[in-house]
Chemist: 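Input: one structure, supplied below.
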Amino acid sequence: MKQPTDTVVSHRAQDASTAGSKNLMWDVLSNLWCASTNPDGFFNVGVAENSLMHDQLLSFINKKLDLPAKYLTYNEGGSGSLRLKQALCQFLNRHLHPAVHLDPHHIIVTNGVSPAIEHVSWAFTDPGEGILLGKPFYGTFIPDMSLRPGATVIQVSFGDCDPFSIEAVDRYEEALLEFQRTTRQNVKALMLCHPHNPLGRCYPTEVIIKMMHLCQKYNMHLISDEIYALSVWENTVDEHGHPPVVFESALSIDLNGIIDPRLVHVLWGMSKDFGANGLRLGVIISQSNNVLHEALKGISLYSYASGVSDYLTSLLLEDFDFTDQYIRLNQEKLSESYACAVLYIRNHDIEYAQGCNAAFFLWVNLGGKYCQLHPEESIEDIGDKVMQVLLKRKVFLASGDLFGSEHPGWFRIVFSQPREYLMEALRRVTDALKD
């Protein structure tokens with residue numbers, strides 16, 4: 001006899017099932033366009049993947065990979081091999097310029113940055129306690145921090161205030177105080193995406209320092225997700241946007257007199273800067289919090305990076321000649337691809353957020369253009385309306401509704417795709433808006 005759903009699985013499993021059913025991404029990824037094998041599939045410019053450098057990366061991997069047998073074992077445990085940690089330290093010391101040089105004991109390796117986010121949420125909050133997150137945000141931050149750890153994500157609105165400004169830090173404090181007043185719960189962390197997803201900008205160092213002061217005031221952890229740290233490039237086409245800010249890691253700041261160093265943590269991984277989402281390798285960097293390291297050692301079995309990922313990443317990061325050339329060429333290609341996408345969007349009179357110089361994104365107001373083309377249409381639920389016409393044209397974008405956009409109708413376009421693929425996707429977007 002069939003049992004009711006609520007007696008078959010736990011309440012938390014029911015919550016996960018509901019959340020998963022709302023995520024179009026998995027349906028899209030299982031039905032991607034291919035000219036020869038699936039011409040009716042989706043053009044995917046919604047998932048944050050960078051395929052511009054796949055040929056170069058595969059060429060390196062296929063020449064270098066000669067896997068030793070120990071990587072078929074548990075090797076040195078769930079938090080990463082010593083060789084990998086040493087390679088990460090040398091590489092990140094070279095590129096992030098930390099004020100205190102990284103040592104292997106500062107690092108915990110995970111199978112991707114999403115598990116790293118979940119781990120720090122679990123470690124810093126008890127169920128119901130808060131983590132501050134500014135709008136708009138990377139949509140998966142919400143389930144990463146809340147679905148299994150049980151933290152409450154406090155979405156911070158900025159209105160007309162630039163979210164990268166000194167003044168915006170006051171909005172975080174206002175949201176914290178309101179949360180404490182209404183729930184009687186503590187706020188334990190502030191999550192930062194730096195460079196930002198989906199806005200493609202970097203936080204000025206003075207803003208990060210003010211956030212650190214705020215965290216010190218309320219004994220909160222500052223978690224800086226720097227997964228796009230090396231995907232920073234020259235913006236050659238925007239003349240009026242926010243002046244580009246050079247990326248500086250939170251690790252590069254001397255914390256003396258600013259914040260207890262036990263409260264500062266940085267996340268990084270191979271998915272974005274090396275276009276290797278499938279490699280599944282992330283890093284938690286915490287230089288002064290031994291209790292965190294001990295706690296995560298106990299649960300590292302649940303985020304164990306594979307031996308193949310551990311070994312491949314070591315090979316890559318140890319080769320400075322290859323990585324220096326790779327990073328430089330990747331940044332050039334991202335700059336060119338951004339310019340190509342922007343010129344197309346401008347030619348079709350679509351509003352977009354200017355001033356990007358990092359990551360893979362255009363933040364575009366497709367709802368506004370749709371309403372301009374269809375003045376008889378109601379603007380109510382405009383995000384859903386635009387998403388439906390996009391899906392009919394078999395093109396997938398990330399909806400601003402899922403990214404906490406403060407204004408309806410905004411979408412994130414990922415431009416880090418080969419030129420012909422990107423242009424076909426953009427053509428389908430503009431054709432969809434006419435439907």
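Atom set for the values below is all heavy atoms of this structure, side chains included, hydrogens, waters and symmetry mates excluded. It should be emphasised that the depicted structure is a prediction, and the values quoted were computed from it without experimental measurement.
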Chemist: Applying side chain to side chain contact (heavy atoms under 4.5 Å, CB included), can you list everything that pairs with L329, at least two apart in sequence or on another chain?
Modeler: M53, Q56, E332, K333

Chemist: Which value, rounded to the nearest 0.5 Å, describes the distance between L279 atom CG and T313 atom OG1?
Modeler: 4.0 Å

Chemist: Is a donor from one side chain sitting under 3.5 angstrom from an acceptor on the other, for S335 and E234?
Modeler: no

Chemist: So, does S51 use its side chain to make a donor-acceptor pair with the main chain of Q417 at under 3.5 Å?
Modeler: no

Chemist: Listing request: all ring pair (Phe, Tyr, Trp, His ring centres under 6.0 Å) pairs with a residue in residues 275-294, at least two apart in sequence or in separate chains.
Modeler: none

Chemist: Do any N or O atoms from the side chain of N357 and from the backbone of R201 form a donor-acceptor pair under 3.5 angstrom?
Modeler: no

Chemist: Excluding sequence neighbours, so at least two apart, what forms ring pair (Phe, Tyr, Trp, His ring centres under 6.0 Å) with Y203?
Modeler: F164, H194

Chemist: What pairs of residues pass the salt bridge (charged side-chain N to carboxylate O under 4.0 Å, His left out) test when at least one of them lies in residues 81-93, not counting sequence neighbours?
Modeler: R83-E318

Chemist: For Y218, enumerate each residue passing the side chain to side chain contact (heavy atoms under 4.5 Å, CB included) test, keeping only those at least two apart in sequence or located in another chain.
Modeler: E173, L176, L177, L214, M220

Chemist: Roughly how far, to the nearest 0.5 Å, is SG of C89 from CD1 of I107?
Modeler: 3.5 Å

Chemist: Could you pull out all residues at least two apart from Y326 that satisfy ring pair (Phe, Tyr, Trp, His ring centres under 6.0 Å)?
Modeler: F274, F322

Chemist: In Å and rounded to the nearest 0.5 Å, what is the SG to NZ distance from C215 to K210?
Modeler: 13.0 Å

Chemist: Would you say the side chains of D273 and W268 form a donor-acceptor pair under 3.5 Å?
Modeler: yes

Chemist: Going by atom types alone, do S303 and N111 pair a side-chain donor with an acceptor below 3.5 Å?
Modeler: no

Chemist: Just grab all the salt bridge (charged side-chain N to carboxylate O under 4.0 Å, His left out) pairs involving residues 119-130, residues at least two apart or on different chains.
Modeler: E129-K188

Chemist: How would you list all residue pairs meeting side chain to side chain donor-acceptor pair (under 3.5 Å) that involve residues 89-103, not counting sequence neighbours?
Modeler: R94-D324

Chemist: Just verifying a value: how many Å separate D170 CG and I166 CD1, rounded to the nearest 0.5 Å?
Modeler: 9.0 Å

Chemist: Only counting residues at least two apart or in another chain, list the ones meeting ring pair (Phe, Tyr, Trp, His ring centres under 6.0 Å) with H106.
Modeler: none

Chemist: Is a side-chain donor-acceptor pair under 3.5 Å present for N38 with N31?
Modeler: yes

Chemist: Would you find a donor on one side and an acceptor on the other, under 3.5 Å apart, between the side chain of D381 and the backbone of D384?
Modeler: no

Chemist: If every non-hydrogen atom of S314 is compared with every non-hydrogen atom of L84, which pair is closest and at what distance?
Modeler: OG-CA, 3.3 Å

Chemist: I need the L147 CG to D15 CG distance, nearest 0.5 Å.
Modeler: 7.0 Å

Chemist: Any side-chain donor paired with an acceptor under 3.5 Å for R262 and N290?
Modeler: no

Chemist: Compute whether any side-chain donor of one residue and acceptor of the other, for S306 and S309, lie under 3.5 angstrom apart.
Modeler: yes

Chemist: Using the ring pair (Phe, Tyr, Trp, His ring centres under 6.0 Å) criterion, which residues pair with Y421? Sequence neighbours excluded.
Modeler: F43

Chemist: Could you tell me whether R12 atom CZ has more than 12 heavy atoms of other residues or ligands within 6.0 Å of it?
Modeler: no

Chemist: Sequence neighbours left out, what pairs pass salt bridge (charged side-chain N to carboxylate O under 4.0 Å, His left out) with at least one residue falling in residues 400-411?
Modeler: none

Chemist: Any salt bridge (charged side-chain N to carboxylate O under 4.0 Å, His left out) involving residues 50-76? Give me the pairs, sequence neighbours left out, ordered by first then second residue.
Modeler: none

Chemist: Using a 6.0 Å cut-off, check whether atom OH of Y302 has over 12 heavy atoms from anything other than its own residue.
Modeler: no

Chemist: With F361, which of Y338, F411, Y228 fulfils ring pair (Phe, Tyr, Trp, His ring centres under 6.0 Å)?
Modeler: Y228

Chemist: Which distance, rounded to the nearest 0.5 Å, do you find between the CD1 of I285 and the CG of L88?
Modeler: 7.5 Å

